Amino acid sequence: MAKIGDLLRAGRTFSFEFFPPKTDEEQRVLVQTLRDLEPLDPSFVSVTYRGGRSSRERTTSLVAGLAQTTSLTPMAHLICVAHTRLELAEILVDFRKAGLENVLALGGDPPTDPDSADGELRHAIDLVELARAVGGYSIGVAAHPEGHPRSASRAEDRDRLAEKLRLADFAITQFFFRVEDYLGLLDDLEARGVDKPVIPGIMPITNLRSVGRMAEMSGCEVPGEVVARIEAAGSDPADTWRAGVEVATELCEKLLAEGAPGLHFYTLNRSTATREIYASLGLSA
Ligand code: FAD
């Protein structure tokens with residue numbers, strides 16, 4: 001087990017993100033994916049979090065299981081939405097008891113269920129403060145290269161990001177496709193006196209429509225030139241896949257050449273695209 005802040009100080013990190021399975025079939029796929037990806041020796045793996053009770057238990061049991069039964073260093077995501085301060089403190093204490101030393105402190109999205117409570121903490125920065133008070137954590141936060149969709153302006157979002165990153169240890173970005181958006185975010189942070197590591201989040205396009213939907217929800221854009229390149233590759237899903245992996249590989253190469261402190265892969269619980277990008281980058285053992 002290691003703290004991600006320490007890993008980043010020691011060198012580049014390569015990490016994978018998973019979501020907790022809801023069904024036996026999803027569980028089977030995830031176990032296979034973990035088997036396939038463990039040999040790549042990731043610096044850490046992260047597990048997403050949704051607010052409901054059963055979903056909360058799924059995240060906790062997956063991160064605790066990873067900590068106790070694999071050689072991987074897990075990080076739990078945690079969100080402010082739909083929790084009281086006391087509940088969040090309890091969850092943070094429980095994560096520590098399960099051996100976790102890393103947490104990604106997130107605002108979360110407003111609940112769609114009208115019966116769901118709003119949550120006592122309003123913003124991710126409040127959760128960073130709470131995790132610091134609990135103690136023993138290396139703390140990450142989310143960054144949005146193209147600005148967060150609920151922000152009045154990109155400049156205001158950068159101000160908020162700078163505030164929370166001053167208290168946290170590192171950030172991981174929302175996925176994006178233009179290296180300039182990532183470099184612009186770093187410039188804006190530097191102008192605000194913040195130089196904490198910001199790990200770019202990578203989403204390989206293996207299905208144009210579903211990535212388009214996720215991009216829309218996250219306030220980012222799949223640029224026209226990327227869409228055109230993937231469409232030009234052919235209409236067969238295998239063509240989309242090959243072009244999507246090529247686009248992601250090129251983005252990773254540019255980011256590494258620009259000195260990115262690591263790469264964080266949104267795996268969607270599948271291993272093949274990540275393994276192919278790893279191999280193209282020459283990172284496979
Ligand atoms: P915040 O930092 O709270 O920001 C949200 C908005 O409020 C922004 O517009 C910001 O500018 C503004 N703001 C921030 N602080 C203040 C303040 N003090 N006053 C006024 N305005 C402020 N979601 C999940 O539900 N589960 C997950 O596991 C998950 N994992 C993620 C992992 C990564 C790497 C990323 C990038 C996102 C993830 N998300 C996840 C999505 C995330 O919860 C949403 O993007 C959410 O809308 C914003 O989260 P945040 O942590 O950036 O929030």
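Bear in mind that the values here come from a model prediction, so they are computed numbers and not experimental data. All ligand and atom numbering here is 1-based and tracks the order in the structure.
- The neighbour count for Glu26 CD, taken as heavy atoms of other residues, nucleotides or ligands under 6.0 Å away, is above 12.
- Distance from atom 11 (O) of ligand 1 to its nearest protein heavy atom, with residue and atom name: Asp157 OD1, 2.7 Å.
- Of the protein's heavy atoms, His123 CE1, 3.4 Å lies nearest to atom 21 (N) of ligand 1.
- Among all protein heavy atoms, the one lying closest to atom 49 (O) of ligand 1 is Gly107 N, 3.6 Å.
- Contact annotation for atom 51 (O) of ligand 1: protein present (non-hydrogen atoms, distance under 4.0 Å).
- Shortest contact from atom 34 (C) of ligand 1 to any protein heavy atom: Tyr266 OH, 3.2 Å.
- Where the criterion is an N or O separation shorter than 3.5 Å, residue side chain and backbone included, Ala124 meets it with respect to ligand 1.
- The closest approach between Gly108 and ligand 1 falls below 4.0 Å for a heavy atom of the residue.
- Not a single N or O atom of Glu156, backbone or side chain, sits closer than 3.5 Å to an N or O atom of ligand 1.
- Below 4.0 Å from some heavy atom of Lys164 lie the following atoms of ligand 1, by number and element: 1 (P), 2 (O), 50 (P), 51 (O), 52 (O).
- Around atom CZ of Arg166, more than 12 heavy atoms belonging to other residues, nucleotides or ligands sit under 6.0 Å away.
- Side-chain contact annotation: His264 with Ser15, donor-acceptor N/O pair under 3.5 Å present.
- Remark: ligand 1 and Glu17 share no N or O pair separated by less than 3.5 Å (distance only, no angle test).
- Between Gln174 and ligand 1, not a single N/O pair is under 3.5 Å apart.
- Close N/O approach between Arg122 and ligand 1 is not found [any backbone or side-chain N/O within under 3.5 Å].
- Ligand 1 places these atoms under 4.0 Å from at least one heavy atom of Ile172: 34 (C), 36 (C).
- Within the structure, the closest approach of His144 to ligand 1 falls below 4.0 Å when heavy atoms are considered.
- Taking every heavy atom of Arg150 and a limit of under 4.0 angstrom, the matching atoms of ligand 1 come to 5 (C), 9 (O), 47 (O).
- Between His83 and Tyr49, the distance separating the two ring centers is shorter than 6.0 angstrom.
- In terms of polar-atom proximity, defined here as any N/O pair under 3.5 Å, Thr48 makes no such contact with ligand 1.
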